[in-house]
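Since the structure comes first, as structure tokens, the remarks are kept for the end.
Naming: A, B, ... by sequence-line order, numbering from 1 per chain.
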2 protein chains.
Amino acid sequence: MDRASVLASLLRRLDTVSKLDPADIAAIRSLPIAVRHWEGARAIVSDGERPSECCLIIEGFCIRSKTTEAGQRQILSIHIPGEIPDLQSLHLRRMDHDLATLVPSTLGFISHASLLDLTHVRPNVADALWRDTLIDSAIFREWIVNVGQRPAPARLVHIALELRERLLAIRGGTAPATFEFPLTQEQIGEALGITPVHANRIIRQLREDGIVDVSRGQVHVLDETRLAELAQFDDRYLHQDPAV
Amino acid sequence: MDRASVLASLLRRLDTVSKLDPADIAAIRSLPIAVRHWEGARAIVSDGERPSECCLIIEGFCIRSKTTEAGQRQILSIHIPGEIPDLQSLHLRRMDHDLATLVPSTLGFISHASLLDLTHVRPNVADALWRDTLIDSAIFREWIVNVGQRPAPARLVHIALELRERLLAIRGGTAPATFEFPLTQEQIGEALGITPVHANRIIRQLREDGIVDVSRGQVHVLDETRLAELAQFDDRYLHQDPAV
DNA sequence: GCCGGTTCCAAACAAAGGTTAAGGATAGGA
DNA sequence: TCCTATCCTTAACCTTTGTTTGGAACCGGC
């Protein structure tokens, strides 16, 4: 995925509901972006830092996480191309969590200065970016429900289906039976609030039950019907549809 | 707490970092607000609805929650006077969760139209409100960590200390040993992702251990030192200090 | 082709939390 | 005053998840 098509997917997302006019789109397109490559499993910005730029994912996967004083890490969200996972740093100067790559990635950095400038000159763009951070927030809410209320197997498949849905939104097409899910079992545990040993247990169980196979960084859906029944996934909280 | 002082506490919060000028403040003060009284434990806006106004809490306590298909409720956040718990509805048309009062409350309703208008005319105000929703988001992140990583007793005291800290920010003074915490044990369970029976168990244990007494809608701190040790509460994620 | 690290897998046992069930306290209304 | 509803409390038992541990498989670098 190159820079042009990533900007396209960013623009597509921003354009839902908020009606950007051609000048808004041109202004976003002409934002200065510094493209850099990043190794896998490397920090982009860390808890406590004060970044001066935001990071657009052009290619790859990133995660946000927080580590407790006791040293336990909780993964907060998974991010895909076309997203700006640290947009909040535009108005929250000091990072309260970590952002890191999951796999080797191509990132585009946009300075806070140019983004702030743009939002002040073009209220439509400000609304669209604001809305994007609000969807981020809606995903956090569902993540709380997931970790707080669902049993571990349902937690795993819910997160997997959310990721598939979001990949679909930027790539188009129909829901694939196999898709990328580049987390180790340890990271899956950190996302679900369980130990890696237990993550292994439920992954094995889901495979044996013929529902889904999570392995080697991929998800293979084995039984779409039972998967849907288990996950109880309803995509309304992603606010993808501009009509509603 | 009357309307003027609530607007004052709202303004104080919005004014951190974002530098509102006198005209911005005057514009916020002259927003049309419809004040209404609400019973306790009543819905304000519900999942799926499309509200046309936002709700400023003038007096009382509110909570946001989501209910799964299986009928389990997860409380997502607790809100206090001076906050606008459904500000996100300004750009996310359809509610993806419920907002309800916890106790009898006085609410001030502000139309989306007048708020949108204000943000378009005054970029400073837009930034301040945007920032407010980003802090909301930061609190969700910490809530995920709480539910995902901490054992149940630490979860409870962490939430209690967060609430005390936020009450302090609007009321001023020093941290009180006793403060309001108007949740039943069932609601505490819904907030922490545990059953009411287990909530009762840990509350009793914390009381027996002489750490904290949670009862009759109040928190009484018995041992500030051991409480802090258990909660591992660090208020940085609340982004209250304009200097950092 | 070997080596050291990571990841995955698995079993036995321990602890935390869920379930069910039932009695007791409290407060407002008839 | 009694009645009723809600909340709190407790106990016994069961299920899920954590802990500890060890081994197998895989992979990149030498």
Subject >> side-chain contact (heavy atoms from CB on, under 4.5 Å) assessment of B/Ile78 paired with B/Ile159 >> reply: CA-CA 9 Å; B/Ile78 305 170; B/Ile159 284 181; 4.0 Å; yes

Check every atom of [options] against the side chain of [X] and return the nucleotide holding the closest atom.
{"X": "B/His198", "options": "D/dA11, C/dG18, D/dT17", "answer": "C/dG18"}
{"X": "A/Arg207", "options": "C/dC9, D/dT17, C/dA11", "answer": "C/dC9"}
{"X": "B/Ile194", "options": "D/dT9, C/dC8, C/dG18", "answer": "C/dG18"}
{"X": "A/Gln185", "options": "C/dA10, C/dC8, C/dG17", "answer": "C/dC8"}
{"X": "B/Arg204", "options": "D/dA11, C/dG17, D/dG18", "answer": "D/dA11"}

Subject >> Side-chain N or O of A/Asn200 closer than 4.0 Å to phosphate OP1/OP2 of C/dC8 >> reply: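 So the side chain of A/Asn200 is outside the cut-off, no N or O lying under 4.0 Å from OP1 or OP2 of C/dC8.
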
Subject >> Exercise: identify the closest heavy-atom pair between A/Arg155 and A/Gly193 >> reply: NH1-O, 4.1 Å

Subject >> Audit row: A/Leu107, A/Val35, side-chain contact (heavy atoms from CB on, under 4.5 Å) steps and yes/no >> reply: CA-CA 6 Å; A/Leu107 308 174; A/Val35 177; over 6 Å; no

**OP:** For the pair B/Glu142 (side chain) and B/Ile139 (backbone), establish whether a donor and an acceptor sit closer than 3.5 Å, ignoring hydrogens and angles.
**Re:**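 Answer holds: no.
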
Subject >> A/Thr67 side chain to A/Arg73 backbone, donor-acceptor under 3.5 Å >> reply: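 Side chain of A/Thr67 to backbone of A/Arg73: no pair is present.
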
Original post:
So what does B/Gly193 touch, heavy atoms closer than 4.0 Å: a base, only the sugar-phosphate, or nothing?
Top reply: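 Sugar-phosphate: the residue B/Gly193, judged by heavy atoms under 4.0 Å, touches backbone atoms but no base.
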
Original post:
With a non-hydrogen cut-off below 4.0 angstrom, is B/Thr184 in contact with a base, only sugar-phosphate, or nothing?
Top reply: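 B/Thr184: backbone/sugar contact only, no base atoms under 4.0 Å.
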
Subject >> Test applied, side chain to side chain contact (heavy atoms under 4.5 Å, CB included); reference residue, A/Leu206; option that passes from A/Asp213, A/Leu156, A/Leu222, A/Leu227 >> reply: A/Leu156

Original post:
So which of B/Ile58, B/Ile57, B/Leu56 actually passes side chain to side chain contact (heavy atoms under 4.5 Å, CB included) with B/Thr106?
Top reply: B/Ile58

**OP:** Quickly work out the B/Ile188 CD1 to C/dG17 C1' distance and round it to whole Å.
**Re:**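 These atoms are roughly 17 Å apart.
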
Original post:
How close or far is atom P of C/dT7 from atom CG of A/Leu102, stated in whole angstroms?
Top reply: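 Atom-to-atom, A/Leu102 to C/dT7, this comes out as 11 Å.
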
**OP:** Mark up nucleotides 22-30 of chain D, 5' to 3', with B wherever a protein heavy atom is under 4.0 angstrom from a base atom, S wherever such an atom reaches only the sugar-phosphate, and - elsewhere.
**Re:** ---------

**OP:** Tell me, please, whether A/Phe109 has A/Arg36 positioned over its six-membered ring: NZ or CZ under 6.0 Å from the ring centre and within 45 degrees of its axis?
**Re:** yes

**OP:** Measure up the A/Phe233 and A/His158 rings against each other and bin them: parallel (under 30°), tilted (30 to 60°), perpendicular (over 60°).
**Re:** perpendicular

Subject >> Rounded to 10 degrees, the angle between the two terminal axes of the helix from C/dG1-D/dC30 to C/dA30-D/dT1, each from five pairs >> reply: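 What I find for the helix from C/dG1-D/dC30 to C/dA30-D/dT1 is an axis angle of 40°.
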
